[in-house]
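What follows is one structure encoded as structure tokens, with my remarks underneath.
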Amino acid sequence: MQVAIFSTRPYDREFLTRANAANRHTFVFHEARLDAGTAAAAQGAQAVCAFVNDRLNAETLQCLHGLGVRLIALRSAGFNHVDLPAAAALGMAVGRVPEYSPHAVAEHTVALVLTLNRKIHRAYNRVREGNFALEGLLGFDLHGRTVGVIGTGKIGACFARIMAGFGCRVLAFAPSVNPELTALGAHYVPLPELLAQSDIVSLHCPLTPQTHHLIDDHALATMKRGVMLINTSRGAVVDARAAVAALKSGQLGSLGLDVYEEEADLFFRDLSNTVLHDDVFARLLTFPNVIVTGHQGFFTEQALTGIAETTLANLDLFEAEGRPLHPVSVERIV
Ligand code: NAI
């Protein structure tokens, strides 16, 4: 089967080509992001392989359908960027990679927590300039602190396990209880209680209409003063403007982001020679107590191998039986 693969970087090509060593499918790699303007590049393909910032709205899907594309194989767990009702109406199947090393994202989340708390980003620069003063680098013991985990699926559970290992008290909020967390001694509480009691709040829920701007002005105001907020889920779960205001007032003590609401125009490319047009993002980068990484939580050897292998499994089954191994259906938009 011919597959048009969008938003590819050299590492994507390397891992996908390795997974397709038997050449069961013909891969055509495109660097461009998939949207209605670039969809025509899928000419001749029966499947399209897309990543997190590709724009799979009704217009793009109609264009792909007109070209003969019948499968959208996502290289991600999240599927908030696909108009699922439009895909269903066109009879197009959508597959995803539901799990590929939850450890990769959970460990990156912990890296953000530790870096922000112990100011490693600032210490690194200071020491290189011969400045060994400690003023401004004061952190706190994680041991005994309360960590609030919002979304307790595969990644949230893995993060909770690590934080419990530090000796943290873990509070959890999700629509359904994950017994793995209760076995750890974590307590499920209503969201307002989690926000009011946590020293660190970490987001691990999908982006849905219910979680869009879950952390807004109001939520931030109900959190402990000086709280640490970490988002490695999807950018729009946090209202970035509200976060800037809370950072300015000191209500938000520190912020670690691996995802950003408007990241589609920024991440996964080198923009170091261009001017930043996003003023909210530019303001975030000025705070000493903010760390932003460019959606790299998934970026480990194990995760890229898992993404490539599961993508191949989705393509194989679609070719054999007309359905991907891990389908996403309209009912999943909750
Ligand atoms: P999962 O499906 O295993 O878990 C999601 C959890 O969120 C479940 O516990 C679910 O009940 C909960 N949830 C759903 N709606 C909620 C709501 N309204 N409020 C609170 N919790 C809610 O997903 P997994 O694999 O743990 O991934 C979580 C998210 O992490 C993904 O949806 C994706 O957005 C993000 N992600 C980020 C990556 C990165 O590189 N930064 C890589 C992979 C995933």
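Whatever order the structure lists ligands and atoms in, that order sets their numbers, starting from 1. Starting from 1, each residue takes its place in the sequence as its number.
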Should one rank [options] by closest heavy-atom distance to [atom], which comes out on top?
| atom | options | value |
| --- | --- | --- |
| atom 7 (O) of ligand 1 | Pro206, Pro209, Gly235 | Pro206 |
| atom 37 (C) of ligand 1 | Val105, Thr232, Ile155 | Thr232 |
| atom 23 (O) of ligand 1 | Arg234, Lys154, His108 | Lys154 |

Open item on the list: Which heavy atom of Ala39 sits nearest to which heavy atom of Leu67, and what is that distance?
Closed with: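 Looking at all heavy atoms of both residues, the closest pair is O-CD1, 3.3 Å.
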
Task: Pair Arg33 + Asp265: basic N to acidic O under 4.0 Å - done: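 Salt bridge: yes.
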
Task: Carboxylate-amine/guanidinium contact Asp199 Arg145, below 4.0 Å - done: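 The answer is yes: the pair qualifies as a salt bridge.
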
TODO: Would you mind running through ligand 1 and noting each atom that sits below 4.0 Å from a heavy atom of Phe173?
DONE: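 Within the 4.0 Å cut-off of Phe173, ligand 1 contributes 19 (N), 20 (C).
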
Counting only nitrogen or oxygen atoms and a 3.5 angstrom limit, does [X] reach ligand 1?
| X | answer |
| --- | --- |
| Thr211 | no |
| Gly153 | yes |
| Asp258 | yes |
| Phe298 | yes |
| Thr208 | no |
| Gln210 | no |

[X]: heavy atom below 4.0 Å from ligand 1, yes or no?
| X | value |
| --- | --- |
| Phe299 | no |
| Gly78 | no |
| Pro175 | yes |

Measuring centre to centre across the rings, with the benzene-like ring taken for any Trp, is [X] within less than 6.0 Å of [Y]?
| X | Y | result |
| --- | --- | --- |
| Tyr188 | Phe173 | no |
| Phe267 | His295 | no |
| Phe298 | Phe51 | yes |
| Phe299 | Tyr11 | yes |
| Phe159 | His204 | yes |

Task: Under 3.5 Å donor-acceptor, Asn117 side chain and Gly139 backbone - done: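 No, because the side chain of Asn117 does not come within donor-acceptor range (under 3.5 Å) of the backbone of Gly139.
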
Open item on the list: Can you tell me which portion of His204 lies within the under-4.0 Å heavy-atom range of ligand 1? Options are side chain, backbone, both, or neither.
Closed with: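 Contact part for His204 vs ligand 1: backbone (N, CA, C, O).
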
